[in-house]
Amino acid sequence: MALVIRLRKLGTKGQPFFRIAVTESATARDGRFVEEIGWYDPKKSGNNSSVDEERARYWMSKGAKPSDTVRSVFKRHGLIGPGKTAKTAVKVAAAVEQAVEPAPEPTAAETGEQPE
């Protein structure tokens with residue numbers, strides 16, 4: 001079964017509120033889900049969404065495809081950008097994690113200082 005990342009509707013009539021959930025494509029909109037990875041509030045101005053970026057990248061690497069609205073939320077969070085696909089975002093994140101390594105501190109001989 002194919003996985004999708006889509007919105008689950010919560011809230012009341014006239015006050016929609018959505019959770020971003022990973023689910024199987026055949027399940028109902030508000031049905032069973034695998035994991036919730038964020039929220040989206042279309043009525044709120046400013047910061048109207050939150051996404052667990054690590055989990056979103058994980059699920060996209062496993063083949064989950066975001067819906068159109070979820071894709072636009074991901075673009076605002078920098079998960080998917082212009083010229084990027086979900087696969088390239090995951091590859092870049094993995095490369096950055098491997099490349100970040102602290103540099104060793106220079107010794108006194110390298111800096112030219114006299115030992116005390």
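The first residue in the sequence is number 1, and the count goes up from there.
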Open item on the list: Do Phe33 and Thr27 make a side-chain contact, defined as non-hydrogen atoms from C-beta onward lying under 4.5 Å apart?
Closed with: no
Open item on the list: To check you understand the geometry: which heavy-atom pair defines the closest contact between Pro16 and Pro42, and what is its length?
Closed with: O-CD, 3.9 Å
- [ ] Answer whether the closest heavy-atom distance between the side chains of Met60 and Phe74 falls below 4.5 Å.
- [x] yes
- [ ] Answer yes or no: is there a side-chain heavy-atom contact under 4.5 Å between Asp68 and Arg6?
- [x] no
TODO: Report the distance from atom NZ of Lys43 to atom CZ of Phe17, rounding to the nearest 0.5 Å.
DONE: 14.0 Å
Open item on the list: Assigning hydrophobic clusters by single linkage (Ile, Leu, Val, Met, Phe, Trp, Tyr; side-chain heavy-atom cutoff under 4.5 Å), is Val51 placed with Val34?
Closed with: yes
Task: Between CZ on residue Arg76 and OG on residue Ser49, distance to nearest 0.5 Å - done: 5.0 Å
Task: side chain to side chain donor-acceptor pair (under 3.5 Å) partners of Asn47, counting only residues at least two apart - done: none
Open item on the list: Could you tell me if the side chain of Lys65 sits less than 4.5 Å from the side chain of Arg71, heavy atoms only?
Closed with: no
Task: Verify same cluster id: Val4, Ile80 (apolar side-chain graph, 4.5 Å) - done: no
Task: Listed partners of Asp52 passing side chain to side chain donor-acceptor pair (under 3.5 Å), at least two apart - done: none
TODO: Kindly compute the distance separating CG (Leu10) from CG (Leu7), expressed to the nearest 0.5 Å.
DONE: 10.0 Å
Open item on the list: Checking Glu36 now: which residues fulfil side chain to side chain donor-acceptor pair (under 3.5 Å) with it, not counting sequence neighbours?
Closed with: Arg8, Arg19
TODO: Could you tell me whether the side chain of Asp30 and the main chain of Lys9 form a donor-acceptor pair under 3.5 Å?
DONE: yes
- [ ] Please round to the nearest 0.5 Å and tell me the distance separating atom OH of Tyr40 and atom CG of Asn48.
- [x] 5.5 Å
Task: Cation over ring face, Arg55 and Tyr58, 6.0 Å, 45° - done: yes
TODO: Look up atom CG in Leu3 and atom OG in Ser25, then write down how far apart they are to the nearest 0.5 Å.
DONE: 8.0 Å
TODO: Measure the CD1-CG distance between Ile5 and Leu79 for me, rounded to the nearest 0.5 Å.
DONE: 9.0 Å
